[in-house]
> 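After the structure tokens below, expect a handful of questions from me.
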Protein chains: 2
Amino acid sequence: MRFGINFFPTVGPAEKPADRYFAECLRLAEVADELGLDHVKTVEHYFHPYGGYSPDPVTFLAAAAARTASVRLVTGAAIPAFTHPLKLAGKLAMLDNISRGRLQAGFGRAFLPDEFDAFGVPMDESRERFQEGVEACRRLWTEEDVRFEGRHYAFGPLTLLPRPYQRPHPAILVAAAFSPESCAAAGRAGHGLMVVPSILDRERLQGLLAVYREGWAASGGAPGAEHVHVSYECYLDEHDSSAAYAAGRAYADNYRAKLAEAVTAWGRTRSDQYQGYERLVEGVKRIDYDASLREDKLLVGTPEEIAERLRRIREHFGEVTVSLHVNSGTTTVERAERTLRVLADRVLPEFTRPREQSPAAAR
Amino acid sequence: MRFGINFFPTVGPAEKPADRYFAECLRLAEVADELGLDHVKTVEHYFHPYGGYSPDPVTFLAAAAARTASVRLVTGAAIPAFTHPLKLAGKLAMLDNISRGRLQAGFGRAFLPDEFDAFGVPMDESRERFQEGVEACRRLWTEEDVRFEGRHYAFGPLTLLPRPYQRPHPAILVAAAFSPESCAAAGRAGHGLMVVPSILDRERLQGLLAVYREGWAASGGAPGAEHVHVSYECYLDEHDSSAAYAAGRAYADNYRAKLAEAVTAWGRTRSDQYQGYERLVEGVKRIDYDASLREDKLLVGTPEEIAERLRRIREHFGEVTVSLHVNSGTTTVERAERTLRVLADRVLPEFTRPREQSPAAAR
Ligand SMILES: [Ca+2]
Ligand SMILES: [Ca+2]
Ligand SMILES: [Ca+2]
Ligand SMILES: [Ca+2]
Ligand SMILES: [Ca+2]
Ligand SMILES: [Ca+2]
């Protein structure tokens with residue numbers, strides 16, 4: 001298994017000014033680098049305290065790249081629907097060069113109606129725009145004199161500058177929520193997969209990973225070289241299980257409150273390409289902290305308890321890459337740093353193997 | 001006067017890999033910060049070795065922000081026509097927070113037909129898209145619940161996150177090439193101005209600055225608080241005037257060759273909004289090194305000679321901010337660093353006043 005940090009701001013200006021939030025994240029990125037963690041990752045969201053401090057993940061990751069030497073930089077996820085692929089491929093290639101090959105490019109479809117509405121992009125075009133955007137980036141990175149004739153983008157012949165540092169191209173990861181078809185397609189394409197266990201039953205997530213790994217193997221990928229990112233909120237107390245339990249609840253409650261506010265528009269939105277999302281409004285309300293803990297959807301506890309959770313996660317999901325959400329903005333950076341140091345010292349060695357090649361390079 | 005660095009890559013993969021180019025620029029940004037220089041600036045261009053290593057200036061500037069403490073970060077220029085204003089305002093606000101208020105947001109219309117063609121943006125919409133984009137950013141930075149109803153963009157009501165660090169907003173600079181109307185409008189709006197002396201007769205540039213300063217004063221700006229950025233290629237030899245002259249020619253020739261290749265499409269392009277640009281193809285060919293030197297369009301020479309040039313520049317253009325292009329990618333980073341250190345030691349003290357407030361704050 002591999003471990004990194006997921007920076008997902010769940011604060012607004014009333015709770016923490018953005019300059020402080022970013023200063024804390026850069027400090028934690030340095031700690032991650034020092035501890036030999038696998039990656040730092042951040043999100044693309046807008047307008048709401050649910051991720052909205054990060055409308056452009058590349059901007060933060062470029063700053064993190066300049067402060068670190070070996071940790072990987074992951075967009076988790078960049079949204080092709082909101083940026084022209086010439087721009088997106090270009091700035092990701094800049095980040096790959098600035099970081100000397102440490103980029104892993106995660107792409108997502110987005111799912112918040114307010115974001116699509118603001119950009120004037122129909123949600124019913126989400127899947128096509130996503131596929132076109134990812135394909136355009138891949139071709140711009142690997143080919144010269146690219147002529148692209150899509151439904152939403154058409155350009156060329158032209159050659160992207162700068163060329164990416166990693167050849168044939170930076171690893172591509174695809175964010176998937178519920179769709180087995182998306183997971184199978186990601187595997188067949190040789191992409192990595194990013195999933196969120198907190199919103200899925202364990203059996204359903206196991207099903208998604210199984211079809212992803214089948215797709216990977218069917219296209220000739222080496223078994224075990226596939227790349228699955230899973231994100232967990234993490235709240236650790238070194239000695240006191242009850243204290244971790246109480247503080248973890250506050251942490252999870254804040255995340256859920258911010259998510260609930262961001263998905264409000266699903267109460268008045270329907271899209272063929274997001275079937276069932278109208279149930280998110282109710283679904284988020286029903287999330288139960290105790291049940292989430294029982295099902296290992298949260299990494300809350302003492303080091304020993306978190307180790308037990310990780311053993312079960314490995315048993316259920318295999319050798320995945322874990323992104324730890326230790327810094328929502330609502331707790332102190334000192335606590336987040338202490339969490340990382342204690343984990344690195346007492347928990348992670350049991351689970352980590354030497355750093356592996358990226359999926360693109362391994363194929 | 002104030003002095004900073006203009007990073008304008010004029011190299012392609014055959015000349016210098018992009019990872020090396022960016023590593024050198026980050027090193028020079030650190031030197032600029034250490035020497036107390038005013039700013040580092042970079043460009044937005046695509047596909048050609050004329051600037052094409054920098055398709056997203058914010059990405060590089062975010063990395064530079066993470067390596068520096070006091071130097072300002074200037075987009076010179078970001079192109080609203082190629083990025084949705086929600087995205088552009090958002091990532092500039094992230095950079096302003098990451099740098100704790102060191103952003104100066106320069107915007108430009110772009111002028112290369114290949115870039116407009118690739119993005120599918122008609123050049124005849126250039127002026128409107130520029131004005132809408134800048135206005136959208138300004139409103140997103142200063143207002144909440146923004147409802148924007150433009151010809152090219154419509155959104156809202158929504159509130160941008162993160163809020164910018166600087167209040168009321170980061171300084172806005174506008175790139176102008178030839179148009180007195182654009183310069184007057186920039187002054188009236190209280191924006192800074194970015195001009196390129198190498199492509200203009202001195203008298204014509206003086207005319208542009210005069211109408212800019214008139215506009216500035218007419219809208220109540222304090223005299224002397226206006227903000228004019230001028231860019232110069234700079235090649236210094238500590239002791240040997242002839243050596244500087246010869247190496248400066250190679251430096252200028254490379255820039256001109258890359259520019260000539262990038263403007264080729266003007267041979268087959270016409271636009272009402274770029275009148276006279278069809279003459280660029282011939283105009284670039286006619287640029288004469290010796291005449292450029294005589295007219296102080298290049299900062300080439302010994303420290304004493306460069307000081308003499310700067311005295312004349314100050315006499316002609318007033319208390320401008322000078323962006324030094326010391327690192328095209330074709331010379332060594334060691335030479336570029338030495339140039340900065342010698343200038344800071346022996347030339348700039350005569351010309352620099354204590355750092356002033358930004359134009360926005362000064363109004
Ligand atoms: Ca075309
Ligand atoms: Ca949280
Ligand atoms: Ca529909
Ligand atoms: Ca709307
Ligand atoms: Ca040059
Ligand atoms: Ca026309």
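Since the structure is predicted, the reported quantities are computational estimates derived from the model, not experimental observations. Chain letters run A, B, ... following the sequence lines, proteins first and then strands; every chain starts at 1.
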> Tell me, for A/Y153 versus chain B, whether the close heavy atoms (under 4.5 Å) come from the side chain, the backbone, both or neither.
neither

> I need the A/I98 CD1 to B/D19 CG distance, nearest 0.5 Å.
10.5 Å

> Chain B heavy atoms under 4.5 Å from A/H48: which part of the residue, side chain, backbone, both or neither?
backbone

> Measure the spacing between CG of A/L160 and OH of B/Y46 and express it to the nearest 0.5 Å.
10.0 Å

> A/C25, A/P164, A/G52, A/A65: which one forms the most heavy-atom pairs within less than 4.5 Å of chain B?
A/G52

> How long is the gap from CD1 on B/I79 to NZ on A/K87, to the nearest 0.5 Å?
8.0 Å

> Is it the backbone or the side chain of B/T159 that comes under 4.5 Å from a heavy atom of chain A, or both, or neither?
backbone

> Where on A/Y165 is there a heavy atom nearer than 4.5 Å to chain B: the side chain, the backbone, both, or neither?
side chain

> Is there a side-chain contact between B/L161 and A/S54, using heavy atoms and a 4.5 Å cut-off?
no

> A/F22 and B/R100: side chain to side chain contact (heavy atoms under 4.5 Å, CB included), yes or no, with the steps?
CA-CA 10 Å; A/F22 289 118; B/R100 292 217 149 112; over 6 Å; no

> Please flag which part of B/F47 lies under 4.5 Å from any non-hydrogen atom of chain A: side chain, backbone, both or neither.
both

> Within the side chain of B/R163, is there an N or O that forms a donor-acceptor pair under 3.5 Å with the backbone of A/P13?
no

> For each of A/G90, A/A63, A/A93, tally heavy-atom pairs with chain B at distances under 4.5 Å, and name the one with the top tally.
A/A63

> Run B/E44 and A/K91 through salt bridge (charged side-chain N to carboxylate O under 4.0 Å, His left out) and show every step you take.
CA-CA 11 Å; B/E44 175 170 334; A/K91 71 184 175 182; over 6 Å; no

> Are any side-chain N or O atoms of A/R67 and backbone N or O atoms of B/A66, one a donor and one an acceptor, separated by less than 3.5 Å?
yes

> To the nearest 0.5 Å, what is the distance between CG on A/D96 and OG1 on B/T59?
12.0 Å

> Determine the minimum heavy-atom distance between A/A18 and B/P162, stating which atoms define it.
CB-CB, 3.5 Å

> How many angstroms lie between atom OG1 of B/T83 and atom CG of A/L86, to the nearest 0.5 angstrom?
11.0 Å

> Ring centroid separation for B/F119 and A/H84, is it under 6.0 angstrom?
yes

> Answer with side chain, backbone, both or neither: which region of B/S99 has an atom nearer than 4.5 Å to a non-hydrogen atom of chain A?
neither

> Go through the atoms of B/F148 and report whether side chain, backbone, both or neither lie under 4.5 Å from a heavy atom of chain A.
neither

